[in-house]
Every structure is written in C-alpha cells, then in structure tokens.
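Structure record follows, encoded as structure tokens.
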Amino acid sequence: MNADAIIIGAGACGLMCAVQAGYLGKKVIVLEKNEKPGAKILISGGGRCNYTNQFASAEQFISANPHFVKSAFTQWTVNDTISFFETYGIQGKEKTLGQLFPDDKNAKDVVQVFTSVCEDFGQEIRCSADVKDIEILPAGFKVTYEKNGKTVVLTSEKLVIATGGLPIPKMGATDFALRFARKQGLKIIETAPALVPLTITGKDEEWFARLSGNSVFCEVSNDEISFEENILFTHWGLSGPAILQISSFWRRGETINLNLLPQQDIVALLDEERKTNGKTLLSTLLNRIYTRKFTEALDKFLPLNKPVAALTKNEIDLIEQTIHQFKVKPAGDKGYDKAEVMRGGIDTNEISSKTLECKKIPNLFFGGECLDVTGWLGGYNFQWAWASAFVIAQNL
C-alpha cells in the first residue's frame, strides 16, 4: 500500500482532509488534475476567499435530506474553522451577513496554509495527475492516473473522492465523482447549476439590457423563500447576491418577485410627499431612491411625469405593485460556466452522515460539493467542505 488513503481532488475538501489526516499521523497522497491545488479557492470571493459564515447551520443548506449535514457540523463547527485559520495567521473579518474573509490576506494565503501544512506532515500533493481508473480490491483500492504521459498506479486501503461539482469547467471541474458513483450503482439526485445568474429573453430582454450595470437593494422571493440583498441588472438578465441566492430555489418556468423597496412603503412615501409638496413629480421622488437611469426605465410602467398630488387610486395601486411586487419570469440561467456551485449530487442516503463513508462500499468516502449538499451564498459551501473533510479524516 502506498499510503493510508488516496484523496482525489485538491480543492477545499481534499486539502483540509489531507491536513486533518496529517494531525492524526495518517499518510495520504492527494491527486489533482490541475497544475496547481485549490483552483476554486483561488477565485472565490473575487480572489479574497469568503472562507466561512458565522451563522452557518443546517438551515442554509439544500439537500433531499436536510438533516444530513447536522452530524458533520457538530463534529466541526464554525469556531473550529475560525480557530484553524487563526492558528496559521489568517484572521477573519466580517464583510456582511456573517461572511468571513481573511482580514489582511486573500485566497492565495488560504491555499498556502494547506500546501505548507501538507508539506510539514509529508503529505504529497501530486498535480497534473489525471485519474483514469479506480479498481475496488478485496482490501482497498487501486488508482491509476496519468501524469506527463506516464501511467502511475497507486494502492491504498481507503479512498476519498473530493473532486467537487460541475461548475466552472475551465477551472478543471468535471463529473468525475458522479460518473464513478453511478458506475458503482449509487443513486444521484438530479444536478443543476446553483448560485447562478438568471437570463431574461423575449419581449423584456431589451428593458433589462438597458439597465445593465445598475444595482438595486431588493427583497427577492418565490413561494418558498426570500432574500434581501442587492440585485444587479446585466445585458443578459439579472445577477447580484439576492439573485444568486434565489437561483438555487428557482426552477425553469417559475416567476420570482422583486420587492424593489423592501424597507419602506412606497404608498406611505407618496402620502407624505403629497402633504408636504404635492407638485413633486413621481420621477423626482423615485430619483431620491434609485439611480436616474433606473427611474427613467420605470417610465415603461409608471406615469413618471405626473405630480404626486394628481395620481389616481389606480395609478397608486400600479406604483405599489411595480415597486413592491415586480414580477420576473427568467428564461433560464447562465449555466455551469457562471455557477458558483452545483445543486444535487450523490444521494446522501448512500453515505453515512456520521463518517461520510459509502454504505455499499466500505472505506470509500465522498466529501464536499459532489454530495447532494448545496449551501447558500456567503461562505456556507466552504464550511461544508471543511466539515466534511474533518469528518472523513477522523475515519481514515
């Protein structure tokens, strides 16, 4: 046997698993298809790496089994993540809504923590290693990979698959874990892009495109959930934190609701203005709230050039509906190229929630994004990667 375990994938889960295994004196070899480890860590949060969220709990995860993550989150908490990074000189700074970023460092420093600790423990990270075959042996696994045109064979008693999901193929993302799981007869929950911008086509396309670059603080909702954050108009539709959040809960054909003024009541503002200065044009009032460009675009729906005192009841109802219940029916999403994570994955019923070992194949572990566990935007998916890595390492 070449090592106690072979880990396929040097992303967030694979790297943390190697480090945690090192603490326990276990020798692992990490195989990474890319030329360098931590490709997705490096681009996360615009290169600043939102590495956890202070409020992370099972509540912010989508899965066919919403209880599945609870055991891992008990074994490895947000405080454990914070302490781990503080030990290696990365202090967390909250940006918004509990999101922690390295205070004076960035994603490169996060990856550096893992590579240097792996080095200290003698854990090998072999990059440009393209795994071609996994054979299940009576007492372990045989992994065949290619590197620089040469074929290499490794064996170990335990195997960890932490190859992530389908988003951002140009970063090396593949369906490796899903293909292997399917081949072993494991059930897969249907996958789709998540935390992804939404596209608008047809008659409304031009209106949205005209607003490209405009950002509005919004409450975005559907029948299931709502998020209050910025939305961003783009030349192909909608993006921004609130849109990315709702995208994980949106299905093609559904309508979403935008409350364009979530913390105020537009009718109350009109009443107030009518009392103090009824001659104010509706456009003037809206310009105090939105950019001029956004107000001008509302001309399609609202009588912008009318003084507020002259608005009829029907017009006030229309204003209220437009501002607080702006309906959007996206045509689709921007796909895996622009998605931050994947929804769906290997069915968690196939995996022990306490150890993350495959129930049907002893000593085989799956962690991170390839499982049917999808977090909200804001550091939640990293927290799952670290927690699942820790749990696996304890059982290697």
Side-chain angles (χ1 to χ4, degrees), residues 11-13 16-17 50-81 97-100 161-162 164-167 177-178 181-182 186-196 219-229 241-252 254 256 333 339-360 365-392 394-395:
C13 178
M16 179 64 100
C17 191
N50 172 197
Y51 64 90
T52 190
N53 194 297
Q54 288 171 308
F55 305 128
S57 72
E59 304 298 310
Q60 298 90 18
F61 287 82
I62 306 160
S63 174
N65 175 5
H67 301 292
F68 180 78
V69 298
K70 288 179 178 173
S71 173
F73 284 162
T74 306
Q75 295 179 61
W76 179 270
T77 64
V78 172
N79 283 340
D80 290 326
T81 298
L97 302 170
Q99 300 171 14
L100 286 190
I161 297 185
L166 297 167
L178 302 179
R182 228 179 243 119
L186 306 185
K187 192 181 165 207
I188 308 289
I189 302 292
E190 188 187 354
T191 58
L195 301 182
V196 64
E219 181 193 25
V220 181
S221 61
N222 64 6
D223 295 340
E224 203 180 333
I225 198 160
S226 71
F227 294 98
E228 234 179 71
E229 274 187 271
I243 294 296
L244 298 186
Q245 295 282 34
I246 204 82
S247 72
S248 298
F249 297 86
W250 175 80
R251 301 294 181 271
R252 211 170 281 268
E254 289 177 356
I256 56 175
D333 60 55
E340 299 215 3
V341 290
M342 174 181 82
R343 194 174 71 216
I346 297 162
D347 190 338
T348 56
N349 288 324
E350 303 279 12
I351 310 293
S352 158
S353 63
K354 289 187 175 60
T355 63
L356 299 188
E357 185 175 14
C358 180
K359 291 174 183 175
K360 289 176 187 161
F365 299 82
F366 291 95
E369 198 186 339
C370 64
L371 291 167
D372 173 34
V373 172
T374 308
W376 291 5
L377 183 75
Y380 297 101
N381 289 292
F382 271 131
Q383 183 58 26
W384 167 243
W386 315 136
S388 58
F390 175 82
V391 170
I392 293 169
Q394 305 312 300
N395 295 284

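The model shown is predicted, which means the values in this text are computed figures rather than measured ones. This chain uses plain numbering: 1 for the first residue, then up along the sequence.
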Judged by atom type as modelled, is there a donor-acceptor pair below 3.5 Å linking the side chain of [X] to the main-chain atoms of [Y]?
{"X": "Q54", "Y": "V78", "value": "no"}
{"X": "D372", "Y": "A64", "value": "yes"}
{"X": "N53", "Y": "G378", "value": "yes"}
{"X": "Q394", "Y": "V391", "value": "no"}
{"X": "E229", "Y": "V220", "value": "no"}
{"X": "W250", "Y": "E254", "value": "yes"}
{"X": "E219", "Y": "S226", "value": "no"}
{"X": "S247", "Y": "V196", "value": "yes"}

query = Regarding W376 and S248, is there a side-chain donor-to-acceptor distance under 3.5 Å anywhere?
reply =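 There is no such pair (donor and acceptor under 3.5 Å, judged by atom type) between the side chains of W376 and S248.
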task = Would you kindly say whether T52 and Q383 are connected by a side-chain donor-acceptor distance under 3.5 Å?
result =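 Q383 and T52 do have a side-chain donor-acceptor pair below 3.5 Å.
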Beyond-backbone contact of E357 with N395, side-chain heavy atoms, under 4.5 angstrom =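 E357 vs N395: side chains apart.
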Rounded distance (nearest 0.5 Å) linking atom [atom1] of [X] with atom [atom2] of [Y]:
{"X": "I346", "Y": "L186", "atom1": "CD1", "atom2": "CG", "answer": "6.5 Å"}
{"X": "N222", "Y": "I246", "atom1": "CG", "atom2": "CD1", "answer": "4.0 Å"}
{"X": "M342", "Y": "I189", "atom1": "CE", "atom2": "CD1", "answer": "11.0 Å"}
{"X": "M16", "Y": "I392", "atom1": "CE", "atom2": "CD1", "answer": "12.0 Å"}
{"X": "S352", "Y": "F365", "atom1": "OG", "atom2": "CZ", "answer": "8.5 Å"}
{"X": "L356", "Y": "F390", "atom1": "CG", "atom2": "CZ", "answer": "11.5 Å"}

message = Is there a side-chain contact (heavy atoms from CB on, under 4.5 Å) between S63 and T348? Walk through the geometry before answering.
response = CA-CA 8 Å; S63 174; T348 56; 4.0 Å; yes
For [X] and [Y], work out which heavy atoms get closest and say how close.
{"X": "I351", "Y": "F68", "answer": "O-CE1, 3.6 Å"}
{"X": "I161", "Y": "A177", "answer": "CG2-CB, 3.7 Å"}
{"X": "A194", "Y": "T374", "answer": "CB-CG2, 4.1 Å"}
{"X": "A58", "Y": "F73", "answer": "N-CD1, 4.1 Å"}
{"X": "P193", "Y": "A339", "answer": "CB-CB, 3.7 Å"}
{"X": "L377", "Y": "Q245", "answer": "N-OE1, 2.8 Å"}

query = In terms of ring plane angle, is the pair F61 and Y380 parallel, tilted or perpendicular, where the classes change at 30° and 60°?
reply =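 Geometry flag for Y380 against F61: perpendicular rings.
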ask   = Would you call the rings of F227 and F249 parallel, tilted or perpendicular if under 30° counts as parallel and over 60° as perpendicular?
value =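 Ring orientation of F227 relative to F249: tilted.
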Exceeds 12 heavy-atom contacts within 6.0 angstrom, atom NZ of K360 =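 Count over threshold, so yes.
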ask   = In terms of heavy-atom contacts, does CD of E59 have more than 12 from other residues, nucleotides or ligands at under 6.0 Å?
value =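 Atom CD in E59 is not packed in, count stays at 12 or less.
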query = Is the distance between the ring centroids of F382 and W386 under 6.0 Å?
reply =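 That pair passes the under 6.0 Å test.
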query = Can you list the steps and then say if D347 with I188 is a side-chain contact (heavy atoms from CB on, under 4.5 Å)?
reply = CA-CA 5 Å; D347 190 338; I188 308 289; over 6 Å; no
task = Using the side-chain contact (heavy atoms from CB on, under 4.5 Å) rule, take Y51 and L100 through it: C-alpha gap first, then chi angles, then the decisive distance, then the call.
result = CA-CA 6 Å; Y51 64 90; L100 286 190; 4.2 Å; yes
inquiry  = Does this structure show an ion pair linking E350 with K187, if we count only N-O contacts that are shorter than 4.0 Å?
reply    =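 A salt bridge is absent here (no side-chain N lies under 4.0 Å from a carboxylate O).
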